[in-house]
Amino acid sequence: MDILSLIIFTPLLGMLALLLVPSDKKDAIRTVTATVAAIPLILATKLWIDFDPTVAGYQFTVVNDWIEALGVQYHLGVDGLSIPLVWLTGLLMFLAPFAAWNVDKGTKGFMMLVLLLETGIFGVFCSLDLFLFYVFWEVMLLPMYFLIGIWGGTRREYAAIKFFLYTLAGSVLMLLAIIALYLSVTSFDLATFANPELLSAPFSIPALTELVANGSIDGTQLANDGVLFGWPFMKWIFVFFFIGFAIKIPIVPLHTWLPDAHVEAPTSISMVLAGILLKLGCYGVLRINLGMFPDVAMDFATIGAVIGLVSILYGAFVAMAQTDFKRMVAYSSVSHMGYVLLGASAFTHAGLQGAAMQMFTHGTSSALLFLIVGVAYDRAHHREIEGFGGLASVAPKYTGITTLGFFAALGLPGMSGFVSEALVLIGAWGVHPVLTSLAVLGIVVTAAFLLWTLQRVFLGPLNEKYKSFPDVTGREIFVMAPLAFLCVLLGVAPMLLLGHMDATIEALRQLFV
Amino acid sequence: MNELGPWLILFLPLLSAALIAFGLHRSKALSAGLSIGVVWVGFFIAAGFLVDAFSAAGGGAHGADGHAVAAGSAWSIHHAIDWISVGAHTLQYSVFVDGLSLIMLMVVLGVGGLIHIYALGYMKGDDGFSRFFAYLSLFMFSMLGIVLSDNFFQIFIHWELVGVSSYLLIGYYYKKPSASAAGNKAFLTNRVGDFGFMLGILMLYFATGTANFTEMGEVIGAEGWADVQKFSMLGTAVTNEHFMWVAGALTLMGVMGKSAQFPLHVWLPDAMEGPTPVSALIHAATMVAAGVFLLARIFFVYLPSDTAMSIVAHLGMFTAFFAATIATTQFDIKRILAFSTLSQLGYMVMAIGLNGTDVAMYHLTTHAFFKALLFLGAGSVIHAVHTNDIREMGGLIKKLPITSWLFLIGTLALCGFPWLSGFWSKDGVLHLTHAPPAYADNMLIHWLPTFTAVLTSYYMFRLVFLTFFGKPRYHGEPHESPPTMWVPMAVLCLLAVIAGPMLFTEDVIATFRSLTRPAGSSPFHHIHADANTVIHALLIFGVGAGAAWVTFSRGWVDPERIKKALGPIHRLFDNRWYIDDLYTWIVNNIQQNFARLCDGFDRIVIISGLVNGSAFTTRALGALSARYQTGSVRTYAMLFVAGVAALLALTL
């Protein structure tokens with residue numbers, strides 16, 4: 001079996017293996033899950049090492065016919081854009097069982113769903129066939145729904161349904177766009193078409209990209225003159241894909257499922273949600289919206305940058321007003337994801353690199369922040385920022401790692417977030433100077449609410465209620481330390497990551513000249 | 001050594017901070033020893049460079065006027081590595097030692113080293129002793145990175161790292177709410193400055209195509225570059241001169257933050273919440289001087305535009321005056337010194353705006369000596385009487401003779417008493433104001449700095465008389481500080497005395513000038529003084545100190561009556577011109593309400609309106625999913641796997 005399929009399906013096999021473990025043997029369940037989750041991480045590391053960073057195209061590709069009647073292929077491959085995210089998924093999904101170690105209710109079901117989720121995520125990042133992509137996209141949706149809806153907080157059902165509906169709405173639009181592309185391809189006459197081999201797989205991302213690029217698919221296959229309701233057909237496809245992904249990112253104003261989902265989800269799931277699921281949306285925008293429809297994307301450059309800017313500032317200001325620790329972190333995610341869109345809308349090398357790197361850096365720093373919130377919640381059973389105070393006196397290690405996490409999130413130089421945000425700003429400056437200037441304001445606001453939170457929770461006189469607040473345990477350090485380490489490592493040596501993405505990003509940028 | 005030396009100077013403190021953080025903190029002695037050791041190792045490496053530089057410059061060969069330089073004296077160290085390389089952008093990380101950074105290295109490492117030793121005594125017995133030294137080392141690393149940087153991006157990185165070290169040190173006594181609030185204020189005020197700084201950097205970087213200082217200087221300095229109409233700003237084509245002053249003003253925001261210039265000065269007085277060695281090192285001698293150093297480094301950005309130069313000059317002038325007026329009304333010994341620091345930094349910034357980078361750097365150097373001395377003296381006093389309030393001191397010269405005399409000499413140096421270091425450097429600044437360039441030729445520039453100097457003598461001697469002379473008002477039995485504390489003070493005092501023509505001879509100055517490029521940012525000023533200058537200085541000193549003497553020593557004038565006579569003006573000064581109140585009001589009312597408004601919008605309009613507007617769909621789908629909700633996850637998972645398996649089966 002090829003390495004990508006192994007990475008994708010090992011968790012699924014692990015999930016089946018869990019069926020054999022009795023439900024009451026909770027430690028065994030946890031151990032098996034963690035062991036299974038270690039395998040894709042190891043494989044992803046090997047993938048990272050074997051990956052040739054000088055090649056722009058897809059590597060480790062696998063192509064098999066799957067549903068021949070529809071021309072659906074089992075088509076996998078990774079490039080510089082997806083490989084960091086595959087590795088990040090491997091890491092976070094390996095840490096997730098440890099973060100969820102004290103889930104006692106329905107441990108077995110929980111861990112099975114986590115593994116199923118992992119398969120779905122890997123699948124999305126590795127799929128090069130839109131049908132397959134869509135299947136994996138949906139595979140992720142259900143475990144997430146149950147993980148929030150069953151193991152969540154008091155308003156878990158509301159949050160889970162909201163999450164489900166939003167994502168489903170996005171999926172429907174995406175599905176429509178995929179069908180439109182499929183119908184376009186199948187409308188060509190195989191006998192007279194110039195490159196008939198491109199028609200053999202109507203869902204293949206590389207083939208579709210080429211068909212759009214050489215002008216074969218231009219919307220005329222589906223509507224007269226390629227215009228639908230007064231808009232070029234290709235724009236509709238672009239927008240449908242974009243909304244589908246934008247909900248996941250999420251952008252303002254499609255973000256409201258996020259705070260609820262985060263607040264209700266258990267810590268480990270919040271970590272995965274912020275760390276990876278949000279990146280799926282960004283990945284989709286870069287891979288599909290930009291990669292497949294560069295010409296249309298250019299028409300939307302300003303709109304994209306404005307959406308990014310609004311998300312940055314609005315997310316930061318709303319975060320500032322939050323009294324719930326976790327909600328504050330959730331809104332800060334909205335703000336941080338705005339940088340991805342701003343950088344992507346510049347279509348410059350630095351902007352795209354910044355956007356791609358921001359996905360990874362936010363993946364590590366936001367996961368760390370949610371773990372930090374989880375530590376406080378586990379001990380105090382509330383998340384009111386004002387309800388703590390002076391924890392530095394009793395929990396120095398916890399304070400230290402939180403300070404590090406907060407500084408990573410506020411983009412302190414020396415931390416990875418600074419590099420990605422600086423690249424976004426450098427990349428976007430030449431294209432959208434005014435919007436970029438305003439975006440810089442976001443770094444001030446972000447610093448303000450994070451430092452105020454740090455002050456109210458950790459500094460000042462100790463809140464007597466938490467006299468015996470236990471410091472972080474070994475398990476908690478084990479989960480948080482790798483993320484904290486990555487925040488520093490990539491802040492100091494960002495080329496470790498940027499180098500792997502460079503050729504792919506350059507190829508992507510070439511589409512916009 | 002030239003290969004490795006600068007990297008060692010830069011990274012040894014970081015190593016020290018890391019080692020203390022990860023394990024060494026258990027041993028206080030090792031932590032402090034390491035932290036102090038690396039600074040002195042750095043100092044001696046830098047001293048080695050100094051020797052090299054002097055021999056390379058041919059022992060200071062210079063022309064008759066002391067300004068010309070020997071040909072071929074191109075000593076400098078420059079090593080750079082590519083840090084980030086994406087597309088057309090390459091960001092470098094570098095060490096760059098020329099005349100300007102060399103003098104700054106000596107100041108930071110020398111004064112820093114002395115203060116590290118002082119801290120050994122001052123922080124003795126503190127619970128967080130090791131943590132304190134780890135933070136100090138982190139600060140040294142951050143600061144040295146600014147000094148050794150050859151490009152804008154690196155300097156920005158260290159600019160912010162200095163901000164975070166300062167945040168940690170100000171909030172060192174984290175259990176005190178006022179300390180952590182002061183730390184936040186410092187960091188956030190600096191971030192506001194950095195916001196402008198970042199925009200300025202982006203403008204300059206895109207305009208010149210390089211972030212390297214030397215290269216950028218060459219581009220901007222090229223004949224006629226400033227007159228070219230090349231850029232568009234907000235849709236309007238502008239000349240480079242116009243463009244440059246906007247970029248310069250934005251970059252200046254970074255300076256306002258770090259060097260605490262009006263209106264971003266508010267954090268510095270509050271920063272006195274940190275331990276006193278921190279106030280001396282960071283908030284008097286080094287970090288706050290970084291802004292002045294930056295201006296000297298990127299002087300070429302301001303030079304082409306009279307508007308930019310004029311902004312810098314007037315900003316400095318106003319800050320100097322503004323801070324001095326506040327200092328006359330304060331009673332907290334460290335805060336008086338903090339406002340004095342603001343004021344002196346204003347002088348330096350003004351000097352740069354008046355085309356006197358060399359004067360500014362010279363004043364920076366002498367100020368580092370005597371202001372660090374004054375802060376350490378204040379620390380020694382606080383150590384003895386356990387209060388910061390000068391109304392509860394008095395007569396300490398009998399109990400703390402060493403501290404008192406050292407403090408007095410430092411005060412005289414600050415007030416520009418003839419032949420002490422402050423005399424030479426402040427005279428340089430005042431000399432500029434009496435013959436300013438055309439763009440700043442006005443009455444304010446002519447006379448306000450001189451008047452400010454009178455105020456300086458007044459508030460410093462008010463402080464001296466209330467603290468060291470008169471009737472004792474302190475409680476308890478104060479003791480002189482241990483030698484670990486007063487020996488560093490004595491060394492600083494010696495420097496504050498000799499840092500005139502005795503230390504900086506013509507040869508030394510000529511060499512520093514020759515080593516510096518671009519040449520406009522020369523770090524040393526030709527020192528001279530005639531009889532007129534001495535009389536001028538004595539007059540300034542006499543009026544200010546005399547007023548303090550009749551009021552606070554003789555008691556011939558009742559300070560309360562002055563207060564009443566001045567009425568609203570006194571209240572204005574006493575309340576720091578209400579700037580802090582204004583900011584507090586803005587944060588509490590405008591900004592917080594704006595955040596709440598956004599939050600309310602988020603809750604009401606988006607969630608209620610848009611989301612629950614589609615409640616029907618929600619309910620329908622909810623009902624649908626409820627029917628399938630058997631409660632058994634396993635059933636679900638199995639159904640799911642079955643589906644996936646079925647699809648997979650089609651492949652095979």
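Naming: A, B, ... by sequence-line order, numbering from 1 per chain. Computed from a predicted model, the values in this text were never measured in an experiment.
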Exercise for the section: Decide yes or no for A/L412 and B/Y167: does some side-chain heavy atom of the first lie under 4.5 Å from some side-chain heavy atom of the second? Expected result: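 Not touching, per the 4.5 Å side-chain cut-off.
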Exercise for the section: Check whether any side-chain heavy atom of B/F206 sits under 4.5 Å from a side-chain heavy atom of A/P433, and report yes or no. Expected result: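 With C-beta onward as the side chain, the pair stays apart.
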Please name the pair of heavy atoms, one in [X] and one in [Y], separated by the smallest distance, quoted to 0.1 Å.
X	Y	answer
B/D599	A/A321	CB-CB, 3.6 Å
A/L459	B/S180	CD1-CB, 3.4 Å
A/V318	B/C598	CG2-CB, 3.6 Å
B/P177	A/P461	CG-CD, 3.6 Å
A/P413	B/L161	O-CD2, 3.3 Å
B/R191	A/G411	NH2-O, 3.5 Å

Fill in the blank from the handout: Max heavy-atom pairs within cutoff under 4.5 Å with chain B, candidates A/E506, A/M501, A/Q455, A/M320, goes to A/Q455
Exercise for the section: Name the member of A/G414, A/A392, A/A350, A/G430 that forms the most heavy-atom pairs with chain B at distances under 4.5 Å. Expected result: A/A392
Exercise for the section: Answer with side chain, backbone, both or neither: which region of B/A181 has an atom nearer than 4.5 Å to a non-hydrogen atom of chain A? Expected result: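 Contact with chain A is through both the backbone and side chain of B/A181.
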Problem - Contacting moiety of B/Y93, where chain A heavy atoms sit under 4.5 Å - result: neither
Where on [X] is there a heavy atom nearer than 4.5 Å to chain B: the side chain, the backbone, both, or neither?
X	answer
A/W257	neither
A/L352	neither
A/Q322	side chain
A/L451	both

Donor-acceptor pairs are to be reported for all side-chain atoms of residues 419-429 of chain A against protein atoms at under 3.5 Å, with residues two or more places apart or in another chain.
| from | atom 1 | to | atom 2 | distance (Å) |
| --- | --- | --- | --- | --- |
| A/S420 | OG | A/Q358 | OE1 | 2.7 |
| A/S420 | OG | A/T361 | OG1 | 3.1 |
| A/S420 | OG | A/G417 | O | 3.2 |

Exercise for the section: Count the heavy atoms of every other residue, nucleotide or ligand shown that sit under 6.0 Å from CG of B/D127, and state whether that count exceeds 12. Expected result: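 Not buried by this count: 12 neighbours or fewer within 6.0 Å.
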Handout entry: Test log, rule side chain to side chain contact (heavy atoms under 4.5 Å, CB included), inputs A/V444 and B/L188
Key = CA-CA 7 Å; A/V444 181; B/L188 295 177; 5.7 Å; no
Once rounded to the nearest 0.5 Å, what's the spacing between atom [atom1] of [X] and atom [atom2] of [Y]?
X	Y	atom1	atom2	answer
A/I443	B/E160	CD1	CD	6.0 Å
B/I84	A/M357	CD1	CE	6.5 Å
A/S437	B/M203	OG	CE	8.5 Å

Exercise for the section: Could you tell me whether the side chain of B/W83 and the main chain of A/V492 form a donor-acceptor pair under 3.5 Å? Expected result: yes
Practice task
For A/A316, enumerate each residue passing the side chain to side chain contact (heavy atoms under 4.5 Å, CB included) test, keeping only those at least two apart in sequence or located in another chain.
Solution key: A/S335, A/V445, A/T446, A/F449
Problem - Aromatic ring proximity, centroids under 6.0 angstrom, A/F317 and B/F601 - result: no
Practice task
Please find out if less than 6.0 Å separates the ring center of B/F153 from that of A/F418.
Solution key: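 No; A/F418 has its ring centre 6.0 Å or more from that of B/F153.
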Problem - Winner by heavy-atom pair count (cut-off under 4.5 Å) against chain A, out of B/K175, B/R596, B/H158 - result: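 If we count pairs closer than 4.5 Å to chain A, B/K175 comes out on top.
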Exercise for the section: Begin from the C-alpha positions of B/F197 and A/V440 and carry the test side chain to side chain contact (heavy atoms under 4.5 Å, CB included) through to its verdict. Expected result: CA-CA 10 Å; B/F197 190 20; A/V440 182; over 6 Å; no
